[in-house]
Chemist: 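Encoded as structure tokens, here's the structure I'll be asking about.
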Amino acid sequence: MFSEYDVIVVGAGHAGCEAAAAAANMGSKTLLITMNMQTIGQMSCNPAMGGIAKGQIVREIDALGGYSGIISDKSAIQFRMLNRSKGPAMWSPRTQNDRIRFAEEWRLALEQTTNLDFWQEMVSSLIVEENVIKGVRTQMGIEIRAKAVVLTNGTFLNGIIHIGEKQFGGGRVGEKAATGLTEQLLGFGFEAGRMKTGTPPRIDGRSLNYALMEEQFGDEQPGKFSFLEESPILTKQRSCHITYTNASVHDILKTGFEKSPMFSGRIQGIGPRYCPSIEDKVVRFEERERHQIFVEPEGWNTVEVYVNGFSTSLPEDVQYRALAKIPGFEKAKMFRPGYAIEYDYFPPTQLKQTLETKIIKNLFFAGQINGTTGYEEAGAQGLMAGINAHLNVKELPEFVLGRADAYIGVLIDDLINKGTEEPYRMFTSRAEYRILLRQDNADLRLTPMGYKIGLASEERMEKVKKKQAAMDEIKKFYSTQTAAIDELNALLEAYQSSLIQQRTKIDFILARPDISIEAMRKYIPALDQFHQKHSAEEIESAEILLKYSGYIDRERELVDKMNRLEGIKIHPNFDFGNVNSLSSEAREKLKKIRPTSLGQASRISGISPSDISVLLVYLGR
């Protein structure tokens with residue numbers, strides 16, 4: 001029935017979709033297996049993409065040739081660039097999305113992908129011969145052979161849903177859990193753990209009083225994720241709203257604590273630190289009188305509303321009574337209650353930098369199976385796993401992003417070296433080179449890499465070349481041109497900046513924090529004329545480089561220093577146990593993770609600078 005595939009991807013969430021698209025687009029004969037063809041690309045939790053650090057990841061996926069940015073743009077109902085009041089390293093794009101259209105766009109994109117087939121069924125076990133993956137076995141007993149397999153099981157591995165004292169098996173509400181794989185992998189020597197996540201109730205928007213809430217608009221000049229022009233910019237947007245809990249809400253929530261699966265101990269898994277349930281927030285932040293609630297529409301043509309900030313697994317009657325005390329929710333009608341879900345994951349220290357498992361060759365893990373949380377983190381891992389599965393099959397060099405290359409590199413490096421005991425979420429603070437890893441330059445950083453491995457298109461590469469040439473032209477113009485003193489002083493006076501006494505290069509004026517290119521164009525006609533041939537995107541990226549050149553140069557120096565350690569390779573058979581000068585914790589961690597370079601070793605939790613100095617001596621440096 002089935003011929004052998006190059007790559008099989010198990011699971012069609014964000015990780016699975018990106019993995020399947022990447023492998024197929026690079027030329028591998030690929031099969032995407034999902035338990036339900038109707039839930040491909042499903043937004044299981046909030047209907048939004050991007051946000052702090054996550055927006056950078058979506059742009060990086062797009063720059064490499066992935067689909068998340070394009071799908072997000074095509075299904076967006078609102079766009080906001082977060083953190084505009086801070087420096088450009090912190091700017092993070094975010095879309096509010098139409099949940100139904102998002103999944104539809106993913107399915108359409110995948111169905112139009114050459115080399116990609118589909119199969120609807122549960123995978124119950126893996127076919128492994130001499131520690132090499134050979135395919136999968138389905139619940140109906142069908143064996144499908146493949147040279148590489150990517151597991152992206154999300155929250156489905158032995159998933160249990162909790163609502164108050166009720167619990168039942170499931171990977172998502174209305175969908176059954178996946179069984180069999182965890183037990184088999186444990187038999188091969190893998191370690192597994194339990195994690196939990198939650199989701200809030202869904203509400204009928206017709207029953208809400210928006211007049212009692214604060215309206216949150218999208219940007220006046222909305223942007224988008226994808227660097228490609230095929231992806232649309234919004235011409236109309238839907239607003240979100242903000243409201244707050246209060247003491248009455250908290251008091252009602254507390255009445256259900258004795259029936260809460262979290263407080264009664266029925267949930268063993270650890271939940272996401274940075275997206276706690278409402279009951280968790282009430283307990284952990286007892287001094288807070290209120291907590292913010294974001295009221296998010298689920299799409300253009302639906303009345304369904306997502307109550308962001310009210311994730312809960314309390315009994316449904318307690319949820320309903322507490323919601324009714326929130327301003328604007330007095331007459332709220334519930335579509336379905338919130339719930340918690342507990343599931344299996346595999347500590348990611350069991351993976352190589354390519355996301356291939358160390359125990360079974362050509363078996364890859366991506367997404368929540370690795371202990372992460374969030375669509376964006378999952379999509380990034382799926383993309384990298386799909387790329388490397390293809391490269392393994394074709395016996396080509398692996399593709400690995402470093403911490404100075406991308407947020408994706410930071411994500412994977414953190415996972416494989418430090419592991420995680422709670423759902424991992426990306427933040428800008430996790431990236432030590434975030435001035436280099438901005439959302440505006442993701443294409444300049446990564447599209448040449450994506451093009452080289454055969455994923456990013458010729459069209460993308462030509463766009464990057466054009467953008468780079470334009471930025472070089474702008475930088476050269478600003479660093480060589482001067483403007484009339486009266487023009488510059490009129491500008492400086494308007495912005496209450498100190499005046500100049502002699503002709504000055506305009507890049508020197510632009511370096512002042514309160515002066516922008518947009519402001520300069522109003523006062524210097526030659527500038528306005530020069531910029532009419534450049535796009536807003538080109539001007540913004542060039543301006544960032546001009547204004548922050550000192551910081552950027554300093555960060556590049558730090559990268560160069562780290563790269564020296566990355567360049568010192570460690571032989572795969574190096575015996576850390578024989579290095580007596582290492583601390584016992586260092587020997588234990590190094591033997592477990594088996595870093596491939598001194599740079600990687602330096603980032604393992606528990607490895608001290610003195611341990612690195614010892615290794616330098618042993619490695620002959």
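Nothing fancy with the numbering, it's 1 onward along the sequence.
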Chemist: Closest approach of A380 and L411, non-hydrogen atoms and distance?
Modeler: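 The pair with the smallest heavy-atom distance is CB-CD2, 4.1 Å.
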
Chemist: Will you find, in the side chains of Y451 and E458, an N or O donor that is under 3.5 Å from an N or O acceptor?
Modeler: yes

Chemist: Hydrogens and angles aside, do E121 and T138 bring a side-chain donor and acceptor to less than 3.5 Å of each other?
Modeler: yes

Chemist: Output yes when a side-chain donor or acceptor of K358 lies under 3.5 Å from a complementary backbone atom of I593, and no otherwise.
Modeler: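 At least one qualifying donor-acceptor pair exists.
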
Chemist: Considering non-hydrogen atoms only, spot the tightest contact between V150 and A389 and give its length.
Modeler: CG2-CB, 4.0 Å

Chemist: So does L396 get a backbone contact from the side chain of K394, meaning a donor-acceptor N/O pair under 3.5 Å?
Modeler: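 No, K394 side chain to L396 backbone: no donor-acceptor pair under 3.5 Å.
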
Chemist: Supply the atom-to-atom distance S231 OG to I70 CD1, rounded to the nearest 0.5 angstrom.
Modeler: 6.5 Å

Chemist: How many angstroms lie between atom OG1 of T349 and atom CZ of R594, to the nearest 0.5 angstrom?
Modeler: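 Going from OG1 on T349 over to CZ on R594, the span is 14.0 Å.
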
Chemist: Grab the two heavy atoms, one from V410 and one from R430, that are nearest each other, plus how far apart they are.
Modeler: CG1-O, 3.6 Å

Chemist: Rounded to the nearest 0.5 Å, how far does OG1 of T113 lie from CG of L108?
Modeler: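 Here the rounded value is 10.5 Å.
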
Chemist: Kindly confirm or rule out a cation-pi arrangement of R172 over F156, judged by NZ or CZ under 6.0 Å from the six-membered ring centre and within 45° of its axis?
Modeler: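 No; the conditions do not both hold, so R172 does not lie above the ring face of F156.
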
Chemist: Out of D414, I416, T420, which one pairs with K418 under the side chain to side chain contact (heavy atoms under 4.5 Å, CB included) rule?
Modeler: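 It is D414; the other options fail the test.
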
Chemist: Just so I know, are the side chains of P88 and Y548 near enough to count as touching, which here means a heavy-atom distance under 4.5 Å?
Modeler: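 In short, these two side chains touch, coming nearer than 4.5 Å.
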
Chemist: Strictly below 4.0 Å, N to O, side chains only: are E585 and K589 in salt-bridge contact?
Modeler: yes

Chemist: Restricting to non-hydrogen atoms, name the atom on Y67 and the atom on W106 that form the minimum distance, rounded to 0.1 Å.
Modeler: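 Result for this residue pair: CB-CH2, 3.4 Å.
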
Chemist: Does the side chain of D413 come under 3.5 Å of the side chain of Q353 through a donor N or O and an acceptor N or O?
Modeler: no

Chemist: I need the minimum non-hydrogen distance between L401 and A406, along with the two atoms involved.
Modeler: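 Nearest heavy atoms, L401 then A406: CD1-CB, 4.0 Å.
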
Chemist: Whether K54 and E376 form a salt bridge (side-chain N of Lys/Arg under 4.0 Å from carboxylate O of Asp/Glu) is what I want to check.
Modeler: yes

Chemist: Give, for atom CG of L355 and atom NZ of K352, the distance between the pair rounded to the nearest 0.5 Å.
Modeler: 11.5 Å

Chemist: Check for a donor-acceptor pair, side chain of R80 on one end and backbone N or O of S92 on the other, with a separation under 3.5 Å.
Modeler: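 Checked: no pair found.
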
Chemist: Please determine if E129 and R145 form a salt bridge, counting it only when a charged side-chain N lies under 4.0 Å from a carboxylate O.
Modeler: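 A salt bridge links E129 with R145.
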
Chemist: Could you state the interatomic distance from CG (L126) to CD1 (I360), rounded to the nearest 0.5 Å?
Modeler: 6.5 Å

Chemist: Within the side chain of T152, is there an N or O that forms a donor-acceptor pair under 3.5 Å with the backbone of G11?
Modeler: yes

Chemist: Closer than 3.5 angstrom, by distance alone: can the side chain of R460 be matched with the main-chain N or O of S457 as a donor-acceptor pair?
Modeler: no

Chemist: For E421, look at atom CD and say whether over 12 heavy atoms of other residues, nucleotides or ligands are found less than 6.0 Å away.
Modeler: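 Atom CD in E421 is not packed in, count stays at 12 or less.
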
Chemist: Could you go through T182 and D344, starting from their C-alpha distance and side-chain angles, then the distance that decides it, and tell me whether this counts as side-chain hydrogen bond (donor to acceptor under 3.5 Å, both in side chains)?
Modeler: CA-CA 7 Å; T182 297; D344 293 337; 2.8 Å; yes

Chemist: Is the distance from the ring center of F365 to that of F346 below 6.0 Å?
Modeler: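 Yes, ring centres under 6.0 Å apart.
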
Chemist: Ignoring hydrogens and geometry, is there a side-chain-to-backbone donor-acceptor pair from N441 to L436 under 3.5 Å?
Modeler: yes

Chemist: Flag the pair L151 / L363 as yes when at least one side-chain heavy-atom distance between them is below 4.5 Å, and no otherwise.
Modeler: yes

Chemist: In this structure, are over 12 heavy atoms from other groups packed under 6.0 Å from E130 atom CD?
Modeler: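 No - once you tally the heavy atoms of other residues, nucleotides and ligands closer than 6.0 Å, there are 12 at most.
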
Chemist: Please examine the side chains of S597 and I568, heavy atoms only from C-beta on, and report whether any two atoms are closer than 4.5 Å.
Modeler: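 No, side chains not in contact.
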
Chemist: Donor-acceptor pair, N370 side chain versus T372 backbone, under 3.5 Å?
Modeler: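 Looks like no, no N/O pair under 3.5 Å.
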
Chemist: Are Q368 and Y345 packed together at the side-chain level, in the sense that at least one heavy-atom pair is separated by less than 4.5 angstrom?
Modeler: no

Chemist: With a 3.5 Å cut-off and no angle check, do the side chains of S75 and N97 form a donor-acceptor pair?
Modeler: yes

Chemist: Do E105 and I71 make a side-chain contact, defined as non-hydrogen atoms from C-beta onward lying under 4.5 Å apart?
Modeler: yes

Chemist: So, do N417 and Q600 sit near enough that their side-chain heavy atoms are less than 4.5 Å apart?
Modeler: yes

Chemist: Inspect the contact between E104 and R107 and indicate whether a charged nitrogen and a carboxylate oxygen are less than 4.0 angstrom apart.
Modeler: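 Judged by the 4.0 Å cut-off on N to carboxylate O distance, R107 and E104 do not form a salt bridge.
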
Chemist: Short question: side chain of D117, backbone of L31 - any donor-acceptor pair under 3.5 Å?
Modeler: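 No: the side chain of D117 does not pair with the backbone of L31.
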
Chemist: F102 and H14: aromatic ring centres closer than 6.0 Å?
Modeler: yes

Chemist: Would L228 and E459 count as a side-chain contact (heavy atoms from CB on, under 4.5 Å) here? Give the steps.
Modeler: CA-CA 8 Å; L228 288 182; E459 179 191 0; 3.9 Å; yes

Chemist: Identify the residue among K475, K466, K467 that makes a salt bridge (Lys or Arg N to Asp or Glu O under 4.0 Å) with E538.
Modeler: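 In the set K475, K466, K467, the residue that makes a salt bridge (Lys or Arg N to Asp or Glu O under 4.0 Å) with E538 is K466.
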
Chemist: Which pairs count as side chain to side chain donor-acceptor pair (under 3.5 Å) when at least one residue sits in residues 183-193, sequence neighbours excluded?
Modeler: N158-E183

Chemist: Near F188 CZ, under 6.0 Å, is it more than 12 heavy atoms from other residues, nucleotides or ligands?
Modeler: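 Yes, CZ of F188 has more than 12 neighbouring heavy atoms, counting only those of other groups under 6.0 Å.
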
Chemist: Can you give me the closest heavy-atom contact between K147 and I133, atom names plus distance?
Modeler: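 Smallest heavy-atom distance, with atoms named: O-CG2, 3.9 Å.
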
Chemist: Looking at F574 versus F576, is the centre-to-centre ring distance below 6.0 Å?
Modeler: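 Ring centroids of F574 and F576 are less than 6.0 Å from each other.
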
Chemist: Do NZ/NE/NH1/NH2 and the carboxylate oxygens of R403 and E432 come within less than 4.0 Å?
Modeler: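 Looking at R403 and E432, the cut-off is met.
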
Chemist: Can you check whether T596 reaches I570 side chain to side chain, under 4.5 Å on heavy atoms?
Modeler: no

Chemist: Is any side-chain N of the basic residue among K561 and E566 closer than 4.0 Å to the acidic one's carboxylate O?
Modeler: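 Result for this pair is no, no salt bridge flagged.
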
Chemist: Return the OH to CZ distance between Y407 and R59, rounded to the nearest 0.5 Å.
Modeler: 13.5 Å

Chemist: Is the side chain of N25 donor-acceptor paired with the backbone N or O of A22 at a distance under 3.5 Å, no angle test?
Modeler: no

Chemist: Please determine, by modelled atom types, if D440 and S541 share a side-chain donor-acceptor pair under 3.5 angstrom.
Modeler: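 Short answer, yes.
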
Chemist: May I ask you to decide if R438's main-chain N or O and R445's side chain share a donor-acceptor pair within less than 3.5 Å?
Modeler: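 Judged by distance alone, yes, a pair lies under 3.5 Å.
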
